[in-house]
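Remember, it's 1-based here, ligands and their atoms both numbered in the order they're listed. All figures in this text were calculated on a predicted structure; none of them were measured in a lab.
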Amino acid sequence: MSTEILIADPLTPSSARVRYVSEGKRVDSQRESHPRDAAHELADGPDDADGAGQGRGQAAAPTTTQAVVATRPSLFSDYIQLTKPRIVTMILVTTVASAMIAAGGWIATLDMLWLLMGTAMVAGSAGAANQIWERRIDCNMTRTASRPLPAERVKLLPAILYTAALVVIGTAILVWQFGYAPALAGVATWLLYVLVYTPMKTRTAWNTTVGAVAGALPVLMGYTAAGGGIEDWTGWLLVAVLAAWQYPHFMAIAWLYRRQYGEAGFCMSTTVDPSGRSAGAQSIAGSIAILGCSVALCVIPGGSIPAMIIASVAAIFACYPMLRASIRFSATPDDVMARKLLRSSLLVLPAVLAIVTVRTVL
Ligand code: HEM
Ligand SMILES: CC(C)=CCC/C(C)=C/CC/C(C)=C/COP(=O)(O)OP(=O)(O)O
């Protein structure tokens with residue numbers, strides 16, 4: 001058995017080439033539409049994340065590309081991959097912050113562990129259901145072709161059972177430990193993400209707005225689990241922060257993978273408007289909105305005036321790099337700018353949540 005994987009990483013140039021060879025079977029659907037050999041591509045020099053190769057903003061050399069010869073992913077790792085673990089991890093960061101903001105401090109460690117377990121299971125199930133739905137279309141993108149279902153390392157029925165078990169057990173944990181509000185928020189998010197967002201991806205670029213709501217609602221799980229009311233402004237401001245953040249976050253990704261999305265049949269802002277103007281404008285709007293919502297969260301009643309001022313200034317400083325990256329991406333929509341924007345988005349969200357949490361807790 002021989003297995004070769006070129007790691008895909010949107011944060012580094014010239015990387016999204018994944019080749020998977022196992023027992024003589026090659027799983028690399030992208031090669032059907034782009035018969036360029038991955039190794040040649042590495043040798044030839046840099047390309048953008050999806051191989052669009054439109055020439056602007058390319059880095060000088062593929063210094064950061066990782067070529068790794070690895071063994072076939074274990075079944076365990078495949079089932080972890082089915083849950084989209086990096087997104088789940090970030091959702092858990094938002095869960096901890098929203099629970100602490102609602103409680104005004106750390107909640108009992110055992111409660112926090114139950115909350116994280118329940119949320120991770122429901123969110124992971126949503127990611128797995130999305131991958132089940134998209135198992136065929138995922139074959140058409142290099143970014144997703146090596147996922148466990150399109151690569152046929154995991155069969156459909158076990159994946160469905162796993163997905164169902166995760167959502168049922170995760171929801172049961174949330175009801176048992178925290179009552180109906182966080183569980184209902186979780187189920188509503190699951191339904192929105194799987195049954196509304198996922199089919200919308202091939203139909204209209206408005207899918208991002210629905211995805212932004214789905215990605216933002218999990219904060220209500222943490223918030224209500226820790227005693228926050230569903231009618232509280234704070235909870236909804238947290239939802240707004242998350243929703244706003246997803247525009248710059250995803251517009252960068254939508255740019256980097258624009259050709260893959262287009263060829264696979266997905267309808268994204270960058271496939272509808274390949275100039276990048278719409279993506280740039282949405283990034284700026286999202287960056288301004290997160291700045292405004294973060295400051296609003298820092299001045300909600302409950303703290304001293306100096307704490308409000310210090311937190312607000314810190315929030316502005318934390319949000320500024322993503323706003324600057326959005327403005328630069330909008331002015332020059334290219335891969336270098338998009339990568340910088342994606343990178344800053346992944347730093348800004350935890351930073352803003354940390355500032356608001358500290359301001360609320362102190
Ligand atoms: C409209 C909503 C969103 C869309 C369309 C979206 C899309 C994506 C996609 C396609 C990737 C994978 C990039 C790749 O494979 O190279 C990604 C990565 C990621 N997303 Fe999002 N996302 C959204 C919202 C969220 C939310 C709500 C979170 C968590 C709070 C999140 C956290 C992450 C993280 C941590 C990564 C990993 C970046 C990496 O690959 O290193 N995203 N997102
Ligand atoms: C608690 C709970 C139910 C949480 C679930 C919410 C969740 C998973 C939000 C993620 C947000 C999102 C739109 C991700 C991109 O999916 P994508 O389908 O565009 O990504 P892909 O192209 O990589 O599959």
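- The closest side-chain donor-acceptor pair between T209 and Y247 falls under 3.5 angstrom.
- Ligand 2 places these atoms under 4.0 Å from at least one heavy atom of N130: 18 (O), 24 (O).
- Interface atoms of ligand 2 facing G186, defined by a heavy-atom separation under 4.0 Å, are 3 (C).
- Between the side chains of S283 and S326, no donor-acceptor pair of N or O atoms lies under 3.5 Å.
- Contact between Y261 and ligand 1 is present, with at least one heavy atom of the residue lying under 4.0 Å from the ligand.
- At under 3.5 Å, not a single nitrogen or oxygen of T208, backbone or side chain, sits near a nitrogen or oxygen of ligand 1.
- Both V187 and M117 belong to a common hydrophobic cluster when Ile, Leu, Val, Met, Phe, Trp and Tyr are linked at side-chain heavy-atom distances under 4.5 angstrom.
- At the top of the distance list for atom 10 (C) of ligand 2, counting protein heavy atoms only, stands I87 CG2, 3.9 Å.
- Close approach of ligand 1 to R143 is summarised as follows: ligand atoms under 4.0 Å from at least one heavy atom of the residue are 10 (C), 12 (C), 14 (C), 15 (O), 16 (O).
- The shortest side-chain heavy-atom distance between R153 and R147 does not fall under the 4.5 Å cut-off.
- Looking at S275 and D273, their side chains do bring a donor and an acceptor atom within 3.5 Å of each other.
- Annotation: side chain of C267 is not in contact with side chain of T202 (no heavy-atom distance under 4.5 Å).
- Considering backbone and side-chain atoms together, W245 places no N or O closer than 3.5 Å to any N or O of ligand 1.
- Across the listed options Q260, R147, K201, R147 owns the non-hydrogen atom lying nearest to atom 23 (O) of ligand 2.
- The aromatic rings of Y257 and Y261 lie perpendicular to each other, with more than 60° between the two planes, well past the 30° mark.
- At most 12 non-hydrogen atoms from other residues, nucleotides or ligands lie less than 6.0 angstrom from NZ of K340.
- The atoms of ligand 1 that sit less than 4.0 Å from any heavy atom of G215 are 27 (C).
- Y193 CE1, 3.5 Å is the protein heavy atom nearest to atom 13 (C) of ligand 2.
- The A212 neighbourhood of ligand 1 comprises atoms 1 (C), with distances under 4.0 Å to a heavy atom of that residue.
- Protein heavy atom in closest approach to atom 9 (C) of ligand 2: G215 CA, 3.9 Å.
- Per-residue contacts place Y197 under 4.0 angstrom from the following atoms of ligand 1 (heavy atoms of the residue considered): 5 (C).
- Looking at atom 7 (C) of ligand 2, its nearest protein heavy atom turns out to be I91 CD1, 3.9 Å.
- Residue contacts with ligand 2: R143 is placed with a nitrogen or oxygen under 3.5 Å of a nitrogen or oxygen of the ligand (distance criterion only).
- The side-chain heavy atoms of D138 and L149, taken from C-beta on, include no pair separated by under 4.5 Å.
- Close contacts of ligand 1 with Y257, meaning ligand atoms under 4.0 Å from a residue heavy atom, involve 14 (C), 16 (O).
- Scanning the protein heavy atoms around atom 5 (C) of ligand 2, the nearest turns out to be A126 CB, 3.7 Å.
- Within the 4.0 Å heavy-atom criterion, the part of L346 lying near ligand 1 is the side chain and not the backbone.
- Put simply, L166 and V168 are part of the same group of oily side chains (I, L, V, M, F, W, Y) that touch within less than 4.5 Å, one to the next.
- The single protein non-hydrogen atom nearest to atom 3 (C) of ligand 2 is W190 N, 3.5 Å, given as residue, atom name and distance.
- Checked against a 3.5 angstrom limit, the closest N/O atoms of Q246 and ligand 1 fall outside it.
- Using a 4.5 Å heavy-atom cutoff, the side chains of W255 and S269 are not in contact.
- Remark: the Q81 side chain and the S77 side chain contain no N/O donor-acceptor pair separated by less than 3.5 Å.
- The closest non-hydrogen atom to atom 2 (C) of ligand 2, taken over A185, A123, G127, comes from A123.
- Residues W190 and Y180 fall into different hydrophobic clusters, defined by Ile, Leu, Val, Met, Phe, Trp and Tyr side chains chained together at heavy-atom separations under 4.5 Å.
- Among all non-hydrogen protein atoms, the one lying nearest atom 6 (C) of ligand 2 is A214 O, 3.8 Å.
- Considering only non-hydrogen atoms, atom 20 (N) of ligand 1 lies nearest to H249 out of Q260, H249, M141.
- Other residues, nucleotides and ligands contribute more than 12 heavy atoms inside 6.0 Å of the CZ atom of R324.
- D111 has its side chain within reach of F178: a pair of non-hydrogen atoms, C-beta onward, lies under 4.5 Å apart.
- Considering backbone and side-chain atoms together, Y197 places an N or O closer than 3.5 Å to an N or O of ligand 2.
- When non-hydrogen atoms are compared, ligand 2 lies under 4.0 Å from the side chain of M221 (C-beta onward) but not from its backbone.
- Put simply, the side chain of M100 does not reach to within 4.5 Å of the side chain of I107, judged on heavy atoms.
- Atom 8 (C) of ligand 1 has its nearest heavy-atom neighbour, among T144, T95, T209, I253, in I253.
- For atom 24 (O) of ligand 2, the nearest non-hydrogen atom of the protein is K84 NZ, 2.6 Å.
- Considering backbone and side-chain N/O atoms, Q246 never comes within less than 3.5 Å of an N/O atom of ligand 2.
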